[in-house]
Structures are given as C-alpha cells and as structure tokens.
Amino acid sequence: MNSRHAHYILTVLEEGSISNAAKKLYISQPSLSQMIQAIEQNLKIKIFNRHTSPISLTFAGTKYVEAARKILTINRNLTTALNEIKDETHGIIRVGISIHRSMYLLPKILPIFTEKYPDVELQLIEDSSNKIEELARNEEIDLAFVNPEQQLEELEYILLQQERMVLFASMDTELAKNRAPESEIFITDAGHEKFIALHRGQGVRVIQDKMFHEAGISPKIIVETKSVEVARRLAIACKAVTIYPETMLNKLENFNSCSTYFPIIGEQFKRNFYLCYNRDLYLSRFMQEFISIAQAASQ
C-alpha cells in the first residue's frame, strides 16, 4: 500500500461513491475505478461492496482502511517532523561534560537554551575530559566541554576560558595561618602540607604533578578522588590543601571561616577550557545557539 492508494480509497469511502470521489480528486471516474480494481487484483480481495448506496466496505476492505488511516497518519507525522527538523527547532543534542563542570556551568546554560528550544531533546554524557573528547572524535556526542592537553586534528575547539590554578586550603593548615588569604604563592610554599589529589590522568592532577616535578617536591597525598568538589570538601575536613580551578571558586557556595585559597604563581600552570565538536559535524541552528550561550556563560 502506498500513501496515494490509501488516500484514494479513503476518499471513495468518505464520498460514498467512486464518481463523487473522482470529482473531489480531480481525476476521471474510469481512472479511479481502474486503480481500485488494480489494488483489489493485486491483493486478491474486494475492498468495496459496489452494489450498496452509499458504497460500503467488505470485511477485507475494513482491514485495509484501518491500515490506510494509520499509514496516512504516520506520513503526516513524518512530514511534520521532517519540516520541524528542517527548520532546526526540533532534534537531539548530545553534550559531554565532566560532573564538576556540569554542577556550575549547566545551570547557567540550560534555562536559557530550553526556553528558546523547548522541543530539542538534550542528552548529557558526564565523564572525564579525555573520555568525552574521544566520544566527540568518534561522533558519539555532538558537543564536548574539555580541558585538552593536546588538541585532536578531528575536532574544532572554541576557547571558553583560561583557568588559573589556586591552592584551596583549610584555615587549619600552616599555610593559611601564616599567609594572607588570596595572596599569591609558589607551590613550594605548600610542600609541607597534606594534599587531597585527583586520580592520575585527570586534568587538574596532570597540572599538579607538573607543579611538583618542576618544583622538585613530593608532598604527602592522603587520599585521591575523581571530583574536585570532593577534594575541596575533604581539604576542609582533613586540614589539608588541594589544587582547584580558579574559575570554579564561589560557583557552588560561599566560602566561610573554614577555608581560603591562594593563586599559584606560574604561567605554565594555567589551562584552557574549550567547547569542541567533530569537524565533520553539521552544526544545526540550535547547536550554534547552545555554543553561543555557553560562551556567554563562561565569561
């Protein structure tokens, strides 16, 4: 059954006769009769009882009409959906982001984006920067928030922020007791402190290890975690310190008397934060809008 045949059969049923249907369809009655006969011969059934007035359906014809109505509904829905996609107001956007980034960045992006594109489905993939960058390269996600050590050839990168690292510290540490809050320090100034660290391979941990190596120090790491937020909270609880991105300070909660931070001296300890996507990806209107909102939210 094709949609044209379905439409013609339903029109005959609605108009009550082949002649009335032919007039409505702007085709000749013989042509319409021949088409119906061809359908019946092909299916080896009779669709209409032609000797009733108005014309009526056989039992087989009833089944045919049920299916015809479903097919036409599917076609109408498909046409509508494709037109909406063509207008780029409907669709799916797959976004990769780390959990700690999503906590402070997405609340600034999604309210604006979802209000403008309520019919775009957003799928979040929360993982490490390295993993979501790889997903973007393989076109398994559309947009990825990353802190790459090296940029991949297959990806297009949009710089959102340049981040400076700070040393987040409990007020009970020796460093916090002897230095003015928010004053710049060298990482060697904290060489005697206990550290809360991220797991090896994570962006902040890579920078931390680079700091330790260049300074020639090996501070005591009392525990490792996957989350900078967990690290921050543990630093307060354990009278310790942790490396923390400056852009995330005060994003989740205000500091209190239990903690402070110190910017770490050294241009080499800064890192870039990007939004990236595969160079072969077609950027729909709503994807471009998402990128613009993310850029504004990152300022």
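Only a predicted model underlies this, so the values are computations on that prediction, with no experimental measurement involved.
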Measure the spacing between OG of S128 and NE2 of H199 and express it to the nearest 0.5 Å. 11.5 Å
Any link between V228 and I207 through a network of hydrophobic side chains (Ile, Leu, Val, Met, Phe, Trp, Tyr) touching at under 4.5 Å? yes
Closer than 3.5 angstrom, by distance alone: can the side chain of T242 be matched with the main-chain N or O of I196 as a donor-acceptor pair? yes
Side chains of S17 and S19, donor plus acceptor under 3.5 Å: yes
Side chain to side chain, K220 and E193, heavy atoms closer than 4.5 Å: no
Stepwise salt bridge (charged side-chain N to carboxylate O under 4.0 Å, His left out) check, E126 with R94: CA-CA 11 Å; E126 295 174 302; R94 302 166 299 172; over 6 Å; no
Checking K24 side chain against T11 main chain: does a donor-acceptor pair fall under 3.5 Å? no
Indicate the atoms forming the closest heavy-atom contact of K108 with A297, along with that distance. NZ-O, 2.8 Å
Path from L57 to I55 over hydrophobic side-chain contacts below 4.5 Å: yes
Compute whether any side-chain donor of one residue and acceptor of the other, for Y274 and N272, lie under 3.5 angstrom apart. yes
Is it the case that one hydrophobic cluster holds both L198 and L234, taking links as side-chain heavy atoms less than 4.5 Å apart, direct or via other members? no
I would like to know whether L283 and E289 meet side-chain contact (heavy atoms from CB on, under 4.5 Å); could you show each step before the answer? CA-CA 10 Å; L283 287 179; E289 185 71 21; over 6 Å; no
Starting at OG of S33, measure out to CD1 of I27 and round the result to the nearest 0.5 Å. 9.0 Å
V146 side chain reached by F273 side chain, heavy atoms, under 4.5 Å: no
Is it the case that over 12 heavy atoms from other parts of the model lie below 6.0 angstrom from the NZ atom of K194? yes
I'd like to check L105 versus I109 (side-chain heavy atoms, cut-off strictly below 4.5 Å). Are they in contact? yes
Indicate, with yes or no, if the rings of F195 and F212 have centres closer together than 6.0 Å. yes
Do you know the tightest heavy-atom contact between L155 and C276? CD1-SG, 3.8 Å
What do the steps show when you test I291 against L275 for side-chain contact (heavy atoms from CB on, under 4.5 Å), and what is the final call? CA-CA 8 Å; I291 292 172; L275 184 59; 3.7 Å; yes
With a 4.5 Å limit on heavy-atom distance, are the side chains of Y8 and I36 in contact? no
Let me check something: do L10 and L43 share a hydrophobic cluster, defined by ILVMFWY side-chain heavy atoms less than 4.5 Å apart, either directly or through other members? yes
Verdict with reasoning, I9 to R69, per side-chain contact (heavy atoms from CB on, under 4.5 Å): CA-CA 10 Å; I9 294 296; R69 285 178 173 144; over 6 Å; no
Starting from the C-alpha separation in whole Å, work towards a yes-or-no answer on side-chain contact (heavy atoms from CB on, under 4.5 Å) for F145 and L160. CA-CA 9 Å; F145 291 93; L160 297 180; 3.7 Å; yes
Could you check whether any side-chain N or O of T52 sits under 3.5 Å from a backbone N or O of S56, counting only pairs where one atom can act as donor and the other as acceptor? yes
Would a distance-only check, ignoring hydrogens and angles, find a side-chain to backbone donor-acceptor pair under 3.5 Å from Q161 to S298? yes
Gap between atom CZ of R101 and atom CD of E229 - 0.5 Å precision: 11.5 Å
Residues K116, E88: salt bridge by 4.0 Å N-O rule: no
Show the nearest heavy-atom pair for residues S31 and S28, with the distance to one decimal. OG-OG, 2.7 Å
For E115, enumerate each residue passing the side-chain contact (heavy atoms from CB on, under 4.5 Å) test, keeping only those at least two apart in sequence or located in another chain. none
Could you tell me whether K131 and E134 make a salt bridge, using a distance below 4.0 angstrom between a side-chain N and a carboxylate O? no
Test your reading of the model: is there a side-chain donor-acceptor pair from E140 to the backbone of A136, 3.5 Å cut-off? no
Counting the benzene-type ring for Trp, do F286 and F290 have ring centres under 6.0 Å apart? no
I'd like to know if R50 pairs up with E40 as an ion pair, taking the criterion as any Lys NZ or Arg NE/NH1/NH2 lying under 4.0 Å from an Asp or Glu carboxylate oxygen. yes
Is any side-chain heavy atom of T89 less than 4.5 Å from a side-chain heavy atom of R285? yes
Are R205 and E224 close enough, and set up right, to give a salt bridge (charged side-chain N to carboxylate O under 4.0 Å, His left out), and what steps lead you there? CA-CA 10 Å; R205 178 60 183 270; E224 296 179 347; 3.0 Å; yes
Provide the closest heavy-atom pair for C258 versus I236 in the form atom of the first, atom of the second, distance. CB-CG2, 3.8 Å
Indicate if L175 and I217 have the same hydrophobic cluster label, given that clusters are the connected sets of ILVMFWY residues with side-chain heavy-atom separations under 4.5 angstrom. yes
What are the two closest non-hydrogen atoms of I187 and A215, and how far apart are they? CG2-CB, 3.7 Å
Under 3.5 Å: donor-acceptor pair, side chain of N278, backbone of D280: yes
Please say which of I132, L122, L110 ends up in a side chain to side chain contact (heavy atoms under 4.5 Å, CB included) with V95. L122
Do R271 and V204 come close enough that some side-chain heavy atom pair is under 4.5 Å? yes
For L152 and Y157, which heavy atoms make the closest approach, and how far apart are they? N-OH, 2.8 Å
May I ask you to test the M287-D142 pair for a side-chain heavy-atom distance under 4.5 Å? yes
For residues 164-174, run the donor-acceptor check on the side chains, cut-off 3.5 Å, and write out each pair with its distance to 0.1 Å, sequence neighbours left out.
residue : atom : partner : partner atom : Å
R164    : NH1  : E184    : OE2          : 3.3
R164    : NH2  : E184    : OE2          : 2.4
S170    : OG   : D172    : N            : 3.1
T173    : OG1  : S170    : O            : 2.8
T173    : OG1  : A176    : N            : 3.3

R232 NZ/CZ over Y261 ring centroid, <6.0 Å and within 45° of normal: no
Are M35 and H5 packed together at the side-chain level, in the sense that at least one heavy-atom pair is separated by less than 4.5 angstrom? yes
